[in-house]
Asker: 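Below: one structure in structure tokens.
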Amino acid sequence: METEKYKFTTSSIIDVLQASMLPELNIYNQAQLEIDTPLIKAQNVHPKTTHEVGVKLKLEGDLSGEVFCLIDTYNKDVAQTEGQFFKTLFIESMNILMGQVLTLLENEHDISCLVSHPEFLDRDSKLELSIQRDTTTMNVGYKFISIHNEFDCRILFNICK
Amino acid sequence: MESPEKFRILIVDDSDFSRLNMSKMLTEAKYNIIGEAANAKEAKAILSDRKAHLAILDVVMPEVSGIELAQHISDNYKDTAIMMVSSLAGESIIIDSISAGASDYLQKPFKKENFLASVEKILERFNLE
């Protein structure tokens, strides 16, 4: 039997995502994510700076679109030796955060999505949002706290209704 | 239970951090890691060469998903138990994983004691004498 696709309004997308954002998350005692600014509709999306690296995830299902998770390394000393570990820790942290959010969406709001394997965005990558008429872009801020440093992190949900 | 070093475990996860993390937990508990794979292709190559008592699989991986790999292992390696790990833990994915042959499903991030308890419980079925 074909199921009817979940119908969203802009406010209902924001409401369910707001309710599903975890206030904090411990990543194997190696990092801590703490919400810094609540999820809101993004009026203007700042371009990605060369100090930001991140991951892009694609969503398919009741919610479709893309998620960009960007961490700002400006003025932070991520030593060469821990650079690779830091990168893998950050990617896994975003993977876990998104997985937990999508699980809450399914279990609490009956919204089912598939998420892609994360695509790494290096310093030179551009932030290319696919903007369509029925796209809603939302922004939430997190602190990413590792053993040695604290970073600002912005997560952009670019969701098609 | 048998001593942990008798048990042969394969880890399959596209996350470098996650593979390292699970490998460290299992090695500290004296399990025998026979290989680590970042995708289904690498996992199949290892399994064609080495017997595993347990395959620990991530769900979201590029090209072939962990659930598809679980089905392949269930169909071709009857003596290999399967445990799924993922940050996703919606009802539908858990049901699909169990249907594909997984004995247990653990949501990331997990605590070391819960991870090792799940591994131990699955491996209890094997009598290696």
Side-chain angles (χ1 to χ4, degrees), chain A residues 3 6 16 20-22 24-33 55-63 67 69 71 82-120 144 146-147, chain B residues 11-29 36-43 56-69 84-98 100 105-116 118:
Chain A
T3 54
Y6 201 97
V16 293
S20 304
M21 298 310 300
L22 300 177
E24 57 183 25
L25 186 60
N26 180 288
I27 309 293
Y28 302 111
N29 296 323
Q30 298 295 314
Q32 177 83 5
L33 285 165
V55 292
K56 175 184 177 183
L57 301 145
K58 290 180 185 164
L59 298 178
E60 286 178 14
D62 292 332
L63 285 182
V67 183
C69 308
I71 186 166
E82 67 162 336
Q84 185 60 26
F85 177 78
F86 176 81
K87 176 182 168 183
T88 60
L89 174 61
F90 175 71
I91 294 172
E92 181 65 359
S93 299
M94 293 301 109
N95 225 355
I96 288 174
L97 178 65
M98 284 306 113
Q100 294 262 344
V101 168
L102 295 179
T103 299
L104 277 174
L105 285 176
E106 178 168 346
N107 293 345
E108 302 292 329
H109 302 280
D110 205 22
I111 297 168
S112 183
C113 302
L114 291 175
V115 63
S116 71
H117 166 73
E119 174 191 336
F120 184 69
F144 179 83
S146 70
I147 291 169
Chain B
I11 298 169
V12 189
D13 197 315
D14 60 318
S15 160
D16 294 345
F17 178 86
S18 190
R19 287 198 311 277
L20 181 71
N21 190 42
M22 287 190 282
S23 176
K24 186 166 178 278
M25 290 178 186
L26 291 166
T27 304
E28 285 174 357
E36 294 180 25
N39 52 52
K41 187 178 177 186
E42 290 178 12
I56 300 174
L57 313 181
D58 183 25
V59 172
V60 179
M61 294 192 290
E63 295 177 25
V64 177
S65 76
I67 294 173
E68 291 170 289
L69 179 60
M84 307 299 288
V85 289
S86 177
S87 55
L88 293 168
E91 193 178 320
S92 55
I93 285 182
I94 295 175
I95 290 171
D96 288 348
S97 297
I98 302 298
Y105 193 108
L106 211 55
Q107 186 178 24
K108 297 177 184 176
F110 41 74
K111 291 186 174 168
K112 181 180 178 181
E113 55 266 33
N114 294 342
F115 175 66
L116 292 176
S118 292

Asker: Counting neighbours of CD on B/Glu63 that are heavy atoms of other residues, nucleotides or ligands and sit closer than 6.0 Å, is the number greater than 12?
Answerer: no
Asker: Using a cut-off of under 4.5 Å for heavy-atom pairs, which of B/Val59, B/Asp16, B/Asn21, B/Asp58 has the most such pairs with chain A?
Answerer: B/Asn21
Asker: Chain B heavy atoms under 4.5 Å from A/Leu105: which part of the residue, side chain, backbone, both or neither?
Answerer: neither
Asker: Side chain, backbone, both or neither: which part of A/Val101 has a heavy atom under 4.5 Å from chain B?
Answerer: neither
Asker: Can you tell me how far CG of A/Asp110 sits from CD of B/Glu91, rounded to the nearest 0.5 angstrom?
Answerer: 9.0 Å
Asker: Which bit of A/Ser116 is near chain B, if near means a heavy-atom gap under 4.5 Å: side chain, backbone, both or neither?
Answerer: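 Contact with chain B: backbone only.
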Asker: For residues A/Thr103 and B/Gln107, report the shortest heavy-atom separation together with the two atoms involved.
Answerer: OG1-NE2, 3.6 Å
Asker: Starting at NZ of B/Lys108, measure out to CD1 of A/Ile27 and round the result to the nearest 0.5 Å.
Answerer: 10.5 Å
Asker: Taking all atoms of both residues into account, what is the closest heavy-atom pair of B/Gly90 and A/Asn107, and its distance?
Answerer: CA-OD1, 3.7 Å
Asker: Roughly how far apart are B/Asp14 CG and A/Asn95 CG, rounded to 0.5 Å?
Answerer: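 Atom-to-atom, B/Asp14:CG and A/Asn95:CG are 7.0 Å apart.
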Asker: Rounded to the nearest 0.5 Å, how far does CG of B/Leu88 lie from SG of A/Cys113?
Answerer: 9.5 Å
Asker: List the residues meeting side chain to side chain donor-acceptor pair (under 3.5 Å) with A/Thr88, not counting sequence neighbours, and say none if there are none.
Answerer: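 Testing A/Thr88 for side chain to side chain donor-acceptor pair (under 3.5 Å), a comparison that skips the adjacent residues, returns none.
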Asker: Measuring heavy-atom distances to chain B, does A/Leu89 have an atom under 4.5 Å in its side chain, in its backbone, in both, or in neither?
Answerer: both
Asker: Hey, are B/Ser15 and A/Glu92 close enough side-chain-wise for a donor-acceptor pair under 3.5 Å?
Answerer: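 Indeed, the side chains of A/Glu92 and B/Ser15 share at least one donor-acceptor pair under 3.5 Å.
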Asker: For the OG atom of B/Ser87 and the CG atom of A/Leu97, what is their distance to the nearest 0.5 Å?
Answerer: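 Separation between the atoms: 9.0 Å.
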Asker: Determine whether A/Glu106 and B/Ser92 satisfy the following criterion, side-chain contact (heavy atoms from CB on, under 4.5 Å), listing intermediate values before the conclusion.
Answerer: CA-CA 9 Å; A/Glu106 178 168 346; B/Ser92 55; 2.9 Å; yes
Asker: Atom CG in A/Asn26, atom NZ in B/Lys111: separation rounded to 0.5 Å?
Answerer: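 These two atoms lie 9.0 Å from each other.
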Asker: With side chains defined as the heavy atoms from C-beta onward, is the minimum distance between A/His117 and B/Met61 less than 4.5 Å?
Answerer: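 No, their side chains stay 4.5 Å or more apart.
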Asker: Using the benzene-type ring in the case of Trp, are the ring centres of B/Phe17 and A/Phe90 under 6.0 Å apart?
Answerer: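 Between B/Phe17 and A/Phe90, the centre distance exceeds or equals 6.0 Å.
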Asker: Taking only residues two or more places apart in sequence, or in another chain, which ones meet B/Phe110 in a ring-ring contact (aromatic ring centres under 6.0 Å, His included)?
Answerer: A/Tyr28, B/Phe115
